[in-house]
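Just so you know, residue 1 is the first one in the sequence shown, and it goes up from there. Values below: every heavy atom of this structure, side chains too, minus hydrogens, waters and symmetry copies. Fair warning: this is a prediction, and the values are worked out from it, not measured in the lab.
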Amino acid sequence: MAVATGLALGIVVALLNEYYIGGVTSVAQLSNVITASVPTAVPALAPQQGDALLADGIVTSPLSQYSESFRKLRLAIDTTLHHRITEQGLPPQTVHKGKVILVCSALPGEGKTTSSIALGRTYAVAGLRTLLVDCDLRKPSVASYLKLPQDTGLISYLAPTAATTETSLTPILDHISDLAILPAGARSTQPTDQLINSAMFRALLDALRDHYDIIILDSPPLLPVVDTRYLAQEADIAVQVVRFANTTQGEIREAANQVRDFLPP
């Protein structure tokens with residue numbers, strides 16, 4: 001009886017770990033958890049020395065497995081958007097506008113910002129006019145990753161006082177590619193969901209669509225804050241980043257359901 005009970009408990013724990021509690025350890029497992037295709041798995045790399053970023057490999061090591069994984073992601077995004085345009089029969093003026101890609105994750109620390117930079121550089125080196133917008137107004141990180149000025153940016157443009165001071169936005173060019181970057185600026189001291197869910201932000205995105213082929217939104221984590229759900233409403237497609245064997249399957253599934261619910265049809 002003791003052996004049988006031990007085996008039964010072991011099986012139950014294994015099943016819970018495989019399907020509910022444990023982190024994701026394979027592409028097939030992740031596809032089952034989020035019920036969506038998983039176009040690529042980014043290989044694990046050793047931490048970079050000095051000021052180098054993992055995303056620098058897109059430019060400095062274009063033939064590496066890391067760079068190839070983001071080219072696969074780009075292909076999956078382009079194919080999905082093309083099929084959606086074909087199926088919906090959108091008018092030409094809509095088809096030729098820039099496409100907005102939301103990069104999100106369930107929790108902090110899953111590699112979302114690094115993935116946003118790498119994906120942006122992937123599009124930029126392919127010759128597309130690409131803009132990366134740091135929309136994590138609660139904890140901006142793109143500027144610090146790329147050693148850019150952090151005094152002004154999206155927050156100062158969207159803040160209520162911006163209308164009187166006529167704050168302008170000027171994207172900054174990436175130091176190793178043609179990727180344009182719009183930092184968030186100084187950390188916000190007011191509820192950021194009000195800034196994201198504003199007519200001014202929607203008008204800004206609409207204007208950016210006329211100037212860029214690809215606009216990538218680096219977003220806050222989905223589960224702790226509400227901002228990304230508003231961002232999803234303005235995106236054409238979403239990319240969810242999942243850290244290997246870290247985030248629980250329940251958290252991954254909940255984040256996927258949330259972004260799926262708020263994406264436009």
Side-chain angles (χ1 to χ4, degrees), residues 51 53 55 97-105 108-109 111-121 123-124 129-236 238-239 241 259 262:
D51 294 334
L53 297 174
K97 277 183 170 287
K99 301 301 181 289
V100 176
I101 302 171
L102 174 68
V103 180
C104 60
S105 65
K112 170 179 51 58
T113 297
T114 299
S115 298
S116 297
I117 297 171
L119 181 61
R121 285 173 171 170
Y123 274 104
R129 297 172 300 170
T130 309
L131 174 69
L132 171 60
V133 184
D134 189 352
C135 294
D136 190 349
L137 307 186
R138 301 187 185 222
K139 193 176 180 182
S141 56
V142 171
S144 60
Y145 276 38
L146 298 176
K147 311 300 181 187
L148 302 176
Q150 304 180 46
D151 50 345
T152 60
L154 186 61
I155 293 174
S156 54
Y157 178 81
L158 297 176
T161 56
T164 58
T165 59
E166 296 183 355
T167 302
S168 60
L169 281 177
T170 304
I172 303 171
L173 192 64
D174 183 22
H175 67 287
I176 61 172
S177 73
D178 289 332
L179 173 66
I181 300 148
L182 190 57
R187 192 169 181 172
S188 178
T189 58
Q190 64 184 68
T192 54
D193 57 302
Q194 298 177 10
L195 304 180
I196 294 298
N197 186 34
S198 65
M200 182 175 287
F201 180 72
R202 289 188 289 272
L204 172 63
L205 270 186
D206 192 58
L208 292 175
R209 285 178 183 269
D210 292 330
H211 289 84
Y212 293 94
D213 301 313
I214 298 293
I215 303 160
I216 297 174
L217 307 182
D218 181 43
S219 64
L222 265 160
L223 299 186
V225 298
V226 72
D227 299 30
T228 304
R229 302 172 206 183
Y230 289 117
L231 291 170
Q233 297 176 2
E234 308 300 327
D236 296 300
V239 175
V241 179
V259 75
F262 285 90

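Here the closest non-hydrogen pair linking Cys104 and Val259 is SG-CG2, 4.2 Å. Summarising the geometry of Leu182 relative to Leu131, their closest heavy-atom pair is N-CD1, 4.0 Å, with the distance given to 0.1 Å. Taking both residues in full, the closest heavy atoms of Ala186 and Ile155 are given as O-CD1, 2.7 Å, listed atom of the first, atom of the second, then distance. Shortest non-hydrogen contact noted between Ala143 and Pro183 is CB-CB, 4.1 Å. In terms of heavy atoms, Ser198 sits closest to Leu158 at OG-CD2, 4.4 Å. In this structure, Gly153 and Ser156 approach most closely via the heavy-atom pair O-OG, 2.8 Å.
In this structure, the separation between CD1 on Ile214 and CG on Leu132 is 12.5 Å, given to the nearest 0.5 Å. Summarising the geometry, atom CD1 belonging to Ile117 is positioned 6.0 Å from atom CG belonging to Leu53; distances are rounded to the nearest 0.5 Å.
Residues Pro220 and Thr192 are not in side-chain contact: their nearest non-hydrogen atoms beyond the backbone lie 4.5 Å or more apart. Residues Tyr145 and Ser116 fail the side-chain proximity criterion, which asks for heavy atoms closer than 4.5 Å. In this structure the side chain of Leu205 reaches within 4.5 angstrom of the side chain of Leu217, judged on heavy atoms. Looking at Asp136 and Thr113, their side chains never come closer than 4.5 Å, going by heavy atoms from C-beta outward.
In this view, Phe262 and Arg229, Ala232, Gln233 satisfy the side-chain contact (heavy atoms from CB on, under 4.5 Å) rule, not counting sequence neighbours. Annotation: side-chain contact (heavy atoms from CB on, under 4.5 Å) contacts of Asp193 (sequence neighbours excluded): Arg138, Pro191, Val226, Asp227, Tyr230. Applying the side-chain contact (heavy atoms from CB on, under 4.5 Å) test to Ala235 and every residue at least two apart in sequence or in another chain returns Val100, Leu102, Leu263. In this structure Asp210 satisfies the side chain to side chain donor-acceptor pair (under 3.5 Å) test together with Lys97, sequence neighbours excluded. Judged as a side-chain contact (heavy atoms from CB on, under 4.5 Å), and not counting sequence neighbours, Leu173 has no contacts.
Remark: the backbone N or O of His211 is paired with a side-chain donor or acceptor of Arg129 at under 3.5 angstrom. Within the 3.5 Å criterion, the main-chain N or O of Cys135 finds no donor-acceptor partner in the side chain of Ser219.
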Under the side chain to side chain contact (heavy atoms under 4.5 Å, CB included) criterion, do Val133 and Leu204 qualify, and how do the steps go? CA-CA 11 Å; Val133 184; Leu204 172 63; over 6 Å; no

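Counting only residues at least two apart or in different chains, salt bridge (Lys or Arg N to Asp or Glu O under 4.0 Å) contacts with residues 214-224 comprise Lys112-Asp218.
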